[in-house]
Structure formats: C-alpha cells, structure tokens
2 protein chains.
Amino acid sequence: MTEKNQNTETRILEAAKEIFIKKGMDGSRMQEIADEAGINKSLLHYYYRSKDKLFEAVFKIAIITFAPKLFKNLNKDLSFFTKIELFVENYISLIKKNPHIPGFIIHELGRNPKGLVGMLQNLNIDLSGIKQQISNEVEAGNIIPIKPEQLIVNIIALCVFPIGAKPIIQYIFFEDNKKEYNKFIEVRKKEVSQFIINAIRRK
Amino acid sequence: MTEKNQNTETRILEAAKEIFIKKGMDGSRMQEIADEAGINKSLLHYYYRSKDKLFEAVFKIAIITFAPKLFKNLNKDLSFFTKIELFVENYISLIKKNPHIPGFIIHELGRNPKGLVGMLQNLNIDLSGIKQQISNEVEAGNIIPIKPEQLIVNIIALCVFPIGAKPIIQYIFFEDNKKEYNKFIEVRKKEVSQFIINAIRRK
DNA sequence: TTTACTTTTGACCAATTGGTTAAACTTATT
DNA sequence: AATAAGTTTAACCAATTGGTCAAAAGTAAA
C-alpha cells in the first residue's frame, strides 16, 4: 500500500463518515461522498466494493466513538463519586464533538437491527467491571440500592440525550439561540454529576 | 368528503406513519406505503400531492405524540413530587407504545433542521407553567436550586433515552433478551421518579 | 525505454423511484 | 337512464442511483 493510496482511503472514510452520520445510510449518495472526498465515484467502489461495505466501516467507527473509553478512569484510585464526575464531564465533551452520532446509531439500529446489532459482537463491550463496582458501593451502603444497569443507563441518558436532541431543545427552551444552548450544555458538565450523586447518595 | 374517502385517507396516513417512523423519510418508498395501505400508489398522490406533503403530515403527528400532554397532571391539586411520579409513569408508557418516535424525530430534525424546526412553531408548545412551578419550588426551599430547563431535560432524558436506544441497551445489558429488557423498562416507571426526587429534594 | 502493476477516470447501464395521465369504475343527482 | 362528480387503477415517464468496465494516467523495476 503506497502512501497516496493510504491518503485516498483515509479521505474516503472521512468523507463517508461526515455524510453517512449526518444523513444516514438511505439519505447519503455515493456521488456526494465522492465529491466530499474530492475523487471520482468509481474510486469508492475500487476501495470499498459497495455502499454497504463503506457504510459498515463508518458504522463501526461510530460505535467505537460512542461506546468506548467511557471507563478509562475506572481503574484509577479515585472515589466512586469522583469517577462519576470525571466520566460525565468527559462523555459530554465527547458527544458534543460528535453530536450526530447518537441519532445516527439509534436510527440505523432501528432500521436494520438484525444486520447491525450483530456488528456489536465484534467490539465485545465489557461492563462487568463497572457493574461490579456499583454493586460493591450498594453493599457497602455508600449509595442507595440500585441495579447497576439502571444507574449506568441513567448516567448515559443524562449525558447523551440533551445533545442528541439538540435541535428540539435549542428551539423549545432557547428560541433557537445557539449560544444559550451551548451554555446550557456547558453547565451540565458539572451539574449532571451532582444530580446523579444526589440521587444515589445515602443520607 | 364521503365516508369511504375518509377511510382511505385515514388508511393512507396510518400506513405512512408506520413506514415513515420506522424507516425515515429517505428509507421509505411510496410503493411500500401504498402496499401497507392496500391501495394503488397513484392514490397517495391523489390525496397527498407529494412524498414531502405526506411526510409533513406524519411528522406533525409524531411531534404531537411526542411533545404534548406531558403536563396533563400539572394543574391538578397534587404535590410537586407526586406530579413527577405521575408524569414519569405516563410518559414512559407513552413512549413505550411509540418507541420509534424519538429516533425518528431526532434523525429527521438533524437531516433537515431548517424545514422541520419551523414546523414546531405551529404547535406552540408552552412550558411557562411548569417552569414557573419549578422556580416556585426552588424559592420555597422544597428542592435544591436548579434551572427549570435542566430539570425538565433531565426528566425527559431519563424517560425517553432508554426506550429510544432500545436495540443497544437490550443487546449490551440483556444479551438481546426482550423480556429482560421489558422488565427493565417496567421497573423504571417507578424508579426513575424516585431517582429524580432524590436528586432534587432538600435534605 | 519497455514492461508490469496499481490507481484514477469518464462513459455507460440496469434498476429503482417519485410522479403523471388518461381511462375505468363508483357514487350521487337530475 | 343519463349526467356529472369524485375515486381508483394500470401504464408510462424522466430522473436518479449504485454499480461496472475498459481505457488512461501514474509508478516502479528491468
């Protein structure tokens, strides 16, 4: 693989990511992706044989961006609540940089669950560590009784939804004022973790 | 308008709702909608002139289903926390019956914000009542200081996200076991409101 | 330079898709 | 029954789209 080859392949993937994640599989055109990458449409088929193959590559990237290093602070020597604070701040920042990814994943999974859910298997996401830690905190009486799945989903919901649903929230609450909305999200980086900690802390 | 006309028009709208909300504007075919409604494709254009017009009708229905009677218990003579409990239970039940609507709205708004956000104007959603009530509760010292927008978004996020993201959650947490996932959602009808109340109640 | 190989392009194709149109069929009115 | 109006259908069309293919352009080795 020559260097120019690599460049082209990367440019294609970057362009496909941009278009697919914004418009979805069905709303994206191979020609548009080629234009975005600044190449001939035939080259798309030269590197990735079909639209489906190209989409698959982008979908994997989206999942990896969305699902992953959530728990990079998990093994550090920090209190449970501090970990929550770090996670919330990191995750909101991450989603804010890729605001279309949640909607993209949800829409595409709803459209083709069989084909795409299977793709998750390759990424073997392991939550046993964090689940165990939550159970420990419950047993130690540091937090109220709560199923690990419920707490994890709550945390992710509070981080992801407000950014995924940006257009509605920005319109309904802030009269479509982008700056007001951004301020709203910035505030959440601190407040969401306090909200969560209040909810689960033993009194 | 004769009765048969009404029937046909209704059947078309029902079919369009089914298809559009599941597959999105770009992924839906007029022929498929016609088949679903059991009529000839030309009839779609006879009642709704174009795909866009038909989509617009469906999108409005989706918004109305999603955004609306959230606050039907708002004016009853109940405590603030009881209202939250009622709202959470009602809203989760509502979304559970229409699980594709959140993803649909988010995806379509992301695809065409200019055209569709404007459509929200017609529905003049009024949150001033609930916002005022939250402010009152804060001032009365019944709940911790929190901006009404933050609390409302938190509540909706905790209700909507776990159902909108069903395929992922069902796969990651419950090995794609539908019953386990359903139990998970049922539990949330009670637990989410307790989570919220814990988070905001003055100690 | 010649040869062999990869990369890139333009021209082209078959299938699909939203939409049109004229004719057939219903229904109500006279 | 005849007329007029709305309703439904089949056949058709132009445009778009994913994909193919052979030729051109670039690259490296001989």
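FYI, side chains are in, hydrogens and waters are out, and symmetry mates aren't considered; it's all heavy atoms of this structure. Within every chain, numbering begins at 1; the chains are lettered A, B, ... in the order of the sequence lines, protein sequences first and strands thereafter. These numbers were taken from a predicted model, which means no experiment stands behind them.
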Query - Out of D:dT8, C:dG19, C:dG10, whichever nucleotide has its closest atom nearest the side chain of B:Y47 - result: D:dT8

Query raised in the report: Starting at CD1 of A:I12 and ending at P of C:dT7, how long is that distance when rounded to a whole Å?
Result: 11 Å

Query raised in the report: To the nearest Å, how far apart are A:N40 CG and C:dT8 C1'?
Result: 7 Å

What's touching nucleotides 12-15 of chain C from the protein side, N or O pairs under 3.5 Å?
none

Report task. Under the side-chain contact (heavy atoms from CB on, under 4.5 Å) rule, collect the residues that match up with A:K178, sequence neighbours excluded. Result -> A:K166, A:Q170, A:N182

Query raised in the report: Is it true that the side chains of A:D52 and A:S50 contain a donor and an acceptor less than 3.5 Å apart?
Result: no

Query raised in the report: Parallel, tilted or perpendicular: which fits the ring planes of B:F66 and B:Y91, with parallel below 30° and perpendicular above 60°?
Result: tilted

Query raised in the report: Can you list the residues that meet the ring-ring contact (aromatic ring centres under 6.0 Å, His included) rule with A:Y181, with sequence neighbours excluded?
Result: none

**Report entry** Salt-bridge criterion met for A:E56 and A:K53 (N-O under 4.0 Å)
**Finding:** no

**Report entry** Contacts of A:F80 that satisfy ring-ring contact (aromatic ring centres under 6.0 Å, His included) - sequence neighbours left out
**Finding:** none

Report summary line: With the side chain defined as heavy atoms from C-beta on, A:Y46 is closest, among D:dG6, C:dT9, C:dT8, to C:dT8

**Report entry** Nucleic acid contacts of residues 24-33 of chain A, taken as heavy-atom distances under 4.0 Å to DNA chain D
**Finding:** A:S28, A:R29, A:M30

Query raised in the report: What residues form a ring-ring contact (aromatic ring centres under 6.0 Å, His included) with B:F173, not counting sequence neighbours?
Result: none

